[in-house]
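Only one structure is covered here, and it is reproduced in the block below.
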2 protein chains.
Amino acid sequence: MVTLADVAQHAGVSASTVSYVLSGKRTISAVTRERVERSIAELGYHPNAGARALASSRSNIIALMMPLRMDMYVPVMTEIAIAIATHARSFGYDVLMLTGEEGPEAVRRVVGSGLADAMILMDVELEDARLPLLRQSGRPAVLIGLPAETTGLTCVDLDFAEAGALCAEHLAGLGHREIAVIGEAPAVYERRTGFAERTIDGLRARARSLGLRVLHRPSEGGYAAMAGTLAQIFTERPDTTGFVVQNETAVEPLIGLLRQNRRAVPEDISVVAVCPEQVAVQGSVRLTSVAVPAREMARHAVEHVIAKIEDRAGDQVVLLEPELTVRASSGPAPVSG
Amino acid sequence: MVTLADVAQHAGVSASTVSYVLSGKRTISAVTRERVERSIAELGYHPNAGARALASSRSNIIALMMPLRMDMYVPVMTEIAIAIATHARSFGYDVLMLTGEEGPEAVRRVVGSGLADAMILMDVELEDARLPLLRQSGRPAVLIGLPAETTGLTCVDLDFAEAGALCAEHLAGLGHREIAVIGEAPAVYERRTGFAERTIDGLRARARSLGLRVLHRPSEGGYAAMAGTLAQIFTERPDTTGFVVQNETAVEPLIGLLRQNRRAVPEDISVVAVCPEQVAVQGSVRLTSVAVPAREMARHAVEHVIAKIEDRAGDQVVLLEPELTVRASSGPAPVSG
DNA sequence: CTGAAAGCGCTAACAG
DNA sequence: CTGTTAGCGCTTTCAG
């Protein structure tokens with residue numbers, strides 16, 4: 001293994017000089033710098049991560065805590081995770097992947113050991129068990145999601161209330177008057193991750209001011225469950241002409257079942273989805289949708305957490321502005337009668 | 001920050017004793033051990049990762065290199081990654097997530113810096129650019145996938161040839177004589193990840209000995225592309241009664257299109273998929289399938305890589321036995337005529 | 001603009 | 001069964 005001392009010797013300078021060439025924390029003459037850099041290249045030197053961490057008490061690692069239940073939202077979560085890792089690298093940070101498995105204890109372990117300089121938590125619940133430990137640790141952290149109490153925390157999330165509102169607005173603008181919302185599985189509401197509630201709350205508020213009638217039905221995904229939900233909706237509200245879906249696994253079944261029921265999309269029924277771009281685009285119909293901006297969430301999370309590590313930022317709540325993209329699944333409400 | 005020295009002092013023992021209590025590398029009297037453990041708990045001590053890595057030249061971190069193109073196979077890859085992280089933790093290892101973005105250079109960086117004790121590479125291509133660096137580094141590594149040249153490497157993968165063979169066998173056993181294979185997108189074959197070729201090779205070989213006629217068509221996923229592929233297949237081979245699909249994004253479109261074409265599954269047409277369990281189970285028809293055993297691959301990868309770190313194992317190629325699960329998409333070939 | 005030297009917190013001989 | 005001690009490779013004062 002080639003060490004900093006080896007490089008120093010090879011270059012005919014002191015160890016500290018090499019260190020400073022690497023960190024750029026003090027001015028080095030061009031000649032010296034070049035000599036050192038040549039030696040580094042020739043010897044194939046790589047600074048030892050452990051030694052560096054010990055001496056500087058900085059690991060240059062960000063811990064990323066994945067959701068507890070990896071059964072849902074896999075694509076978005078994956079996209080966010082990858083984007084976080086990629087973006088973090090561009091700032092010189094690596095990302096350590098923690099699974100939900102280990103539970104809140106992971107926070108203590110990672111933070112206590114100095115393994116990571118900071119944490120990013122995904123899939124935050126309203127009363128998340130990890131938060132007390134986090135606050136108490138005083139370590140830099142960013143949450144993706146919005147817990148009940150955000151004081152002392154930095155959070156990044158989509159403004160789901162506004163996302164819901166946009167859906168209502170779009171359908172209202174097309175002349176729809178009766179709309180049905182197909183929500184996440186009941187389990188999601190029970191877990192209290194918050195985003196599902198925020199969506200329907202925002203949607204309802206805007207719907208009210210626009211004079212829309214709204215029926216909300218949480219639903220499991222898959223064809224069988226959706227068939228039931230759909231039948232129920234049309235029995236209860238036969239004049240429903242607009243659907244809003246917020247459930248990745250319900251999207252394609254919904255479209256398929258409408259087709260089976262001889263309801264043309266978008267001629268008879270308009271559908272708006274709140275889902276990842278990919279899901280909206282790859283199905284049998286290109287869906288009008290509000291996307292979950294995974295990359296942008298990742299970007300904000302990384303940049304804020306690094307700002308915190310470097311003591312350049314305090315706590316704040318960042319709600320990303322949703323955007324509705326019109327595609328082939330929504331159109332003017334059919335002329336009633 | 002509370003250090004090992006603090007614990008030692010608090011417990012009235014030497015630093016090394018505390019260290020040995022932690023590592024279990026020498027016998028400690030029950031009294032001493034207890035006193036030390038109490039002190040650790042009372043002070044809330046956590047060993048410093050950097051110091052540990054420096055002194056022991058072991059980081060207890062495994063680097064996991066994700067695929068270059070995260071556009072495909074997202075669910076399987078994610079499942080494998082999560083399973084690797086979870087399983088690694090149970091052996092006291094953390095997992096560092098490297099994206100494909102950084103390229104082969106990441107191998108050099110991680111290995112050179114001692115950041116990780118070993119690497120696991122996902123989505124290995126036949127002539128993978130990371131392999132030369134890996135071999136030359138001499139660091140413990142496990143590949144998920146099978147490159148062209150495996151000497152000096154440990155590889156874990158599904159036996160895709162046998163998976164293909166099982167599909168042929170299953171359809172032949174049901175009396176099918178003409179089968180069509182819908183493969184991955186042409187790009188996948190061009191990338192030379194190998195698994196797609198191995199599947200079709202294995203399938204063809206078995207088909208030959210069973211007297212099956214096979215038509216192989218790589219295809220993009222999605223409805224539009226599949227509609228074209230399907231039309232072509234039925235034009236070329238109108239008597240096709242069995243389908244094998246190896247393309248996550250083509251599965252649901254295939255089923256939907258067959259239904260649209262008034263071909264009943266499984267009465268007229270049988271479909272066998274090579275895909276993740278989840279995809280096989282959650283669509284509109286429960287598919288007979290050969291699953292990609294993500295968990296098991298993760299388990300093998302982790303256990304082998306740790307065995308290598310601890311110098312308890314050499315190189316080897318592990319091909320997991322595929323299993324075909326019969327579900328609702330396959331049945332006896334229709335009586336011809 | 002550069003060196004010398006003192007640790008960072010832990011592990012692992014070596015010594016008893 | 002336990003203690004003493006010499007580093008691991010780097011960063012960062014302090015000194016010039």
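Every chain is numbered from 1 and lettered A, B, ... according to where its sequence line falls, protein lines coming before strand lines. Bear in mind the structure is a predicted one, so any value in this text is a computation, not a measurement. Hydrogens, waters and symmetry mates play no part in the numbers below; they use all other heavy atoms, side chains included.
- Residues B:Val318 and B:Asp157 are not in side-chain contact: their nearest non-hydrogen atoms beyond the backbone lie 4.5 Å or more apart.
- Pairing each heavy atom of B:Ser137 with each of B:Val111, the nearest pair is CB-CG1, 3.7 Å.
- Atoms OG1 and CG, on A:Thr99 and B:Asp94 in that order, are 9.5 Å from each other to the nearest 0.5 Å.
- If you take CG of A:Leu22 and P of D:dT12, they are 12 Å apart, rounded to a whole angstrom.
- The 5' end of DNA chain C is approached more closely, in terms of each residue's nearest nucleotide, by A:Ser29 than by the other of B:Arg52 and A:Ser29.
- The C1' atoms of five pairs define one axis at each end of the helix from C:dC1-D:dG16 to C:dG16-D:dC1, and these two axes lie 30° apart (to 10°).
- Residue-level contact check: A:Thr32 touches the backbone only, with heavy atoms under 4.0 Å from sugar-phosphate atoms and none from bases.
- B:Arg35 places its CZ atom 15 Å from the P atom of D:dC1, with the value rounded to the nearest Å.
- Computed from coordinates, the A:Asn48 CG to D:dG7 P distance equals 18 Å when rounded to whole Å.
- B:Thr17 comes within 4.0 angstrom of sugar-phosphate atoms only, judged by non-hydrogen atoms across all strands, and of no base.
- Proximity note for A:Tyr20 (side chain, C-beta onward) versus D:dC1, D:dG7, D:dT12: the nearest is D:dT12.
- Within the nucleic acid shown, A:Ser16 comes within 4.0 Å of at least one base atom, counting heavy atoms only.
- Summarising the geometry, the separation between CE on A:Met1 and P on D:dG9 is reported as 6 Å, rounded to the nearest angstrom.
- Distance CZ/B:Arg299 to NE2/B:His304: 9.5 Å, rounded to 0.5 Å.
- Of the inter-residue distances, the one linking A:Met65 atom CE with A:Leu143 atom CG reads 11.5 Å to the nearest 0.5 angstrom.
- A salt bridge is defined here as a Lys NZ or Arg NE, NH1 or NH2 lying under 4.0 Å from an Asp or Glu carboxylate O, and B:Glu102 with B:Arg109 meets this definition.
- Nucleotides of DNA chain C lying under 4.0 Å from heavy atoms of chain A occupy a range whose first and last members, 5' to 3', are C:dC1 to C:dG9.
- Rounded to whole Å, atom C1' of D:dT12 lies 13 Å from atom CG of A:Leu4.
- Between A:Asn60 atom CG and D:dT11 atom C1' there is a gap of 13 Å when expressed in whole angstrom units.
- Closest of all the heavy-atom pairs between B:Ile62 and B:Ala116 is C-CB, 4.3 Å.
- Residue B:Ser14 places at least one side-chain N or O closer than 4.0 Å to OP1 or OP2 of D:dG3.
- Judged by distance alone, the side chains of B:Ser19 and B:Ser16 never bring a donor and an acceptor atom under 3.5 Å apart.
- With rounding to whole Å, A:Arg26 atom CZ is found 13 Å from D:dC14 atom P.
- To the nearest 0.5 Å, the span separating CE on B:Met66 from CD1 on B:Ile80 amounts to 10.0 Å.
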